[in-house]
Amino acid sequence: NIIYGFDIGLTQTRFENEFVHIIGNGRLEYTRLKGEFGTGTKVDLIDDLSNVIIVSYTIVIFGDVNGDGSVDSIDAGAIVDYENYLVSWDPSVDVALFKAGDLNGDGCIDSIDAGIAVDAENYLVTIDQTTGLATV
C-alpha cells in the first residue's frame, strides 16, 4: 500500500490536516525511514479500542530515496550507489525506494535517474509527484 502525490517537503501536520480524516475510534502512528516525513514513512491506522493495525501505507515522494522528504544530491548519490552495487535494496521490502527512484519511468534505477534528481535540485526539471516523472 503505497501512497503518493504529495508535494516535496510534506510535513506530518500538513498530511493530517489536508489529506486524512479519521472517522470513529482510530489514530495514526508513524514509522519514519529517517527523522523526516518522506519516502519510506510508514503510516498505520490503529483502532483505539483494540490497538490493532487496520491498514498500513508507505509514503513515496518521487526522487526522495533517502527518506528526508526532499530531492537533492544526497538522493542522486544514493541512486548511484544502488546502481554501482554499493548499497542494496530488497524489492520485497524497499518497494517505496524503487518507486521513488525511477524518475524516467523505464523500470531501472540508474545514473539517468540520479541526473534527474540533481536537475530537480537545481530547478532545471520538476518531478510530477502524481506520476513520478520529470518534466522540463
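Atoms considered below: every heavy atom in the structure, side chains included; atoms not considered: hydrogens, waters and symmetry mates.
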Roughly how far, to the nearest 0.5 Å, is the [atom2] atom of [Y] from the [atom1] atom of [X]?
X      : Y      : atom1 : atom2 : value
Asp102 : Phe62  : CG    : CZ    : 9.5 Å
Lys99  : Ile59  : NZ    : CD1   : 15.0 Å
Thr58  : Asp94  : OG1   : CG    : 10.5 Å
Leu133 : Asn104 : CG    : CG    : 8.0 Å
Ile116 : Thr135 : CD1   : OG1   : 10.5 Å
Glu29  : Asn51  : CD    : CG    : 7.5 Å

Subject >> Other cluster members, Phe98 - Ile/Leu/Val/Met/Phe/Trp/Tyr, side-chain contacts below 4.5 Å >> reply: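 Leu33, Val65, Ile79, Tyr82, Val87, Trp89, Leu97, Ile109, all in the cluster of Phe98.
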
Hydrophobic cluster identity match, [X] and [Y], side-chain contacts under 4.5 Å:
X      : Y      : value
Val118 : Ile8   : no
Ile53  : Leu28  : no
Tyr123 : Val125 : no
Ile2   : Val20  : yes
Val55  : Val60  : yes

Take Leu10 and Phe37 through the test side-chain contact (heavy atoms from CB on, under 4.5 Å) and record every step on the way to the result.
-> CA-CA 7 Å; Leu10 178 68; Phe37 203 82; 3.5 Å; yes

I'd like to check [X] versus [Y] (side-chain heavy atoms, cut-off strictly below 4.5 Å). Are they in contact?
X      : Y      : value
Ile61  : Gln129 : yes
Glu16  : Tyr30  : yes
Ile127 : Val71  : yes

Check whether [X] reaches the backbone of [Y] with its side chain - one donor and one acceptor, N or O, closer than 3.5 Å.
X      : Y      : value
Asp113 : Ala117 : no
Asn1   : Ser56  : yes
Asn84  : Leu86  : no
Asp64  : Gly69  : yes
Asn122 : Leu124 : no

I need the full list of salt bridge (charged side-chain N to carboxylate O under 4.0 Å, His left out) pairs touching residues 44-55, with sequence neighbours left out, sorted by first then second residue.
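Found Arg27-Asp48, Lys42-Asp44.
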
Between [X] and [Y], what is the shortest heavy-atom contact and its length?
X     : Y     : answer
Phe19 : Arg14 : CD1-O, 3.9 Å
Tyr57 : Ile3  : CD2-CG2, 3.6 Å
Ala96 : Thr39 : O-CG2, 3.8 Å
Thr41 : Glu36 : OG1-O, 3.7 Å

